[in-house]
Amino acid sequence: MNIFEHYLKEICGLVKKNKNELKLINFNDFKNITVETPPSNFNFDLSTNISLVLGKLNNLNPKDLSLQIKNILKNNINDFNEIEIAGPGFLNINISDKAITSNIKDIFKENDSYGSLKANKTFNIEFVSANPTGPMHIGHCRGAIFGDVLSNLLIFNGNKVTKEYYVNDYGNQIKNFVKSVYLRIREIKDGEKFIDDKDLYPGEYIIDIAKKILKSKNYKHSSFEKSYDYISKQALKLSMEIIKEDLKKLGITHDKFVSEKSIVQSKILLKAINELKKNDFIFEGYLDPPKGDENKNWKKTKKLIFKSTLFGDDANRALQKDDGSWTYFANDLAYHYDKVSRNYNYLINILGADHTGYINRIKGAVSAISKNKTNLECKVCQLVKLLKKGQPYKMSKRAGEFISVNDLLLEVDKDSIRFMMLNRSNDVELDFDFEKILEKSKENPVYYVQYCHARIQSIFRTINYKPKKDIKINKNFKFNKYEKEIIKKVFEWPKIIKISCSKYEPHRIPFYLYELSTLFHSYWSKGNENENFKFIKDGKISDDKIIIVINLILVVLKNGMKILNVSLPNKM
RNA sequence: GCGCCCUUAGCUCAGUUGGAUAGAGCAUCGGUUUUCUAAACCGAGGGUCGUAGGUUCGAAUCCUUCAGGGCGCGCCA
């Protein structure tokens, strides 16, 4: 039930039916014609630009056209009460109280699916994919929550979503990680002091992993080379457990974990390379040395190269290293080959800002693999600036001085973190302020929205109301202007879902919920100014339509917070 | 040098995929509680939407120029 689309259809249908009378020839499939809420200073429910768009298309004066359309609408759509022509030719419309109650009924009927468009597509969303070399830090957190909520959003909208984690358990960083664990084991067992090297991981958690490995029966203390296989297997397992634990605490789960190592060791990589070779997307040749700096390690060697410039990348990209082994990109290309073969309608990757430069080549790879059939969308989350006492915190996983998710959760609850991380567009940097997030006030949006729910539950407790599935609506309800504002806001919910889904922008949901909460708090407070607006009198609800309005708010609040996976406490 | 993102009120940011007089929060100033939760509400002031052009009935939104800030430009992952 999206009332805007519902009335848009009705209006367009009527206009088309009366095209001769209106002297309309061109329609252009009613493109660009909208029905929306007019600016608040106009006291109307709906507004359409139909005369402006069709007027231009047919070379007619929009105001004259408006006048004619107005008459047609008035005579044919019972739901419309008052219609006004405004500005350059907008039609502003008030809908009848009867129509409002009928629309409300539909919302209650849909209840926990109100807003869903029942899209029924399949998505694969890859997110987090933090290297299993240590716990998650606050920077990973944003992308993790973004990906999780985007998934929930698309699921709510009727799609099937696979939430996927690509485990980078292969390559030099892993070797260094394993070496770090080994050196810590030596330190514990043989008293050899751990010497920090810029390539190694000095963090405390490495010691914990080392201790755990030492405890296991199967560990045999030996040289690095001899113990490598066992340590790497165990260390990676333990490390992934740490990450999964962090994710769990944040309320995030994945459906599928794909190991880079397994991709490399399988035949997928060669299959992908061969197919791209066949289609002339790969050649054997030489690359220019990297621009800018004089790279002393540069060797000109012949290798396989992907033609990513065909897809708008700055340069073609190497698939093999100097020694003939595969590059990270080659592995990732194979991984995406696998994803494409799984036949999703849409692939989405959630990346950190430091991976922006990687987008063109991987999108190019997917285009080449799928022959342009599969679209990969990469959503970039900009940096999180961690502030504490006004001072920015620097995070570096390498140095072992990062703020881990675990540290963060000791001070801030999961709900606040989730809400805060989404309370910005992914395209802008996010200030994450330790002080602010602990505040219990309007400045902290999560409390404000939760408080709205707590107040509603408090009303229900006071009047001893048990939420029912069938909510009775009296057809003769006349809603006042405060109530109408709330109802109109609730009517807009499906539009929020639609645009959030189509643009992959979950941040619109917390903003919307905050605005809705503002309307509720304001409505509630009317009773402070005027006794007649009090919700409760002598332990009973003062007016039945209040039950309707707050139940409406509840429908959207619950649906919205379920998507965010943020709790709605009954008491605060 | 190149690519991506950002630039909207003093500060932090929204802005319904081109609509009408550009909106919130914080901060500032002034009000509201013998009361259903004041973790709240009401009011006031505050704007050349970075700059300069262009597209059109109409631009914060689309195109181009320039400026400022962030991130990235490996045969690392």
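Both backbone and side-chain heavy atoms feed into the values below; hydrogens, waters and symmetry mates do not.
- Side-chain polar atoms of A/H355 and A/N349 form no donor-acceptor pair below 3.5 angstrom.
- Contact check, A/K321 against B/rA77: a side-chain N or O comes under 4.0 Å of OP1 or OP2.
- We find that CG of A/L430 is positioned 15 Å from P of B/rC71, with the value rounded to whole Å.
- Between B/rA14 and B/rG25, the distance separating the two P atoms is 16 Å to the nearest Å.
- Nucleotides B/rC26 and B/rU7, compared at atom P, are 22 Å apart to the nearest Å.
- Within the 4.0 angstrom heavy-atom criterion, base atoms lie near A/S458.
- In this structure, the nucleotide among B/rU16, B/rG70, B/rU35 sitting nearest to the side chain of A/E36 is B/rU16.
- In this structure, of B/rC42, B/rA20, B/rA14, it is B/rA14 that holds the atom nearest to the side chain of A/R424.
- Counting to the nearest Å, the P atom of B/rA38 and the OH atom of A/Y523 are 16 Å from each other.
- Rounded to whole Å, atom C1' of B/rA14 lies 8 Å from atom CD of A/E515.
- Aromatic stacking of A/Y451 on B/rA40: not satisfied for centres closer than 5.5 Å together with planes under 30 degrees.
- When each of B/rC6, B/rG19, B/rA77 is scored by its nearest atom to the side-chain atoms of A/R361, the top-ranked nucleotide is B/rA77.
- With hydrogens and angles ignored, a donor-acceptor pair closer than 3.5 Å exists between the side chain of A/K303 and the base of B/rC75.
- Aromatic ring pairs are classed by plane angle as parallel below 30°, tilted from 30° to 60° and perpendicular above 60°; the pair A/Y166 and A/Y335 is parallel.
- Among B/rA77, B/rC75, B/rC13, the nucleotide with an atom closest to any side-chain atom of A/T301 is B/rC75.
- RNA chain B forms stems at B:1-7 with B:67-73, B:10-13 with B:23-26, B:28-32 with B:40-44, B:52-54 with B:62-64, each a run of 3 or more consecutive Watson-Crick or G-U wobble pairs whose two key distances fall under 3.5 Å.
- Taking 3.5 Å as the limit, the base of B/rA77 and the side chain of A/D354 contain no donor-acceptor pair of atoms between them.
- Comparing B/rC42, B/rU35, B/rU37 against the side chain of A/N528 picks out B/rU35 as the nearest.
- Between B/rC76, B/rG15, B/rC75, one nucleotide has an atom nearer to the side chain of A/N172 than all others, and that is B/rC76.
- Interface remark: the A/S525 side chain does not form any donor-acceptor pair with the B/rA38 base, using a distance-only criterion of under 3.5 Å.
- One interatomic measurement links the two molecules: CD of A/E529 to P of B/rC41, which rounds to 12 Å at whole-angstrom precision.
- For the residue pair A/N131 and A/T133, no side-chain donor N or O sits within less than 3.5 Å of a side-chain acceptor on the partner.
- The nearest whole Å value for the distance from the CD1 atom in A/I359 to the C1' atom in B/rC73 is 13 Å.
- Side-chain atoms of A/K261 and A/S259 form no donor-acceptor pair, as typed in the model, at a separation below 3.5 Å.
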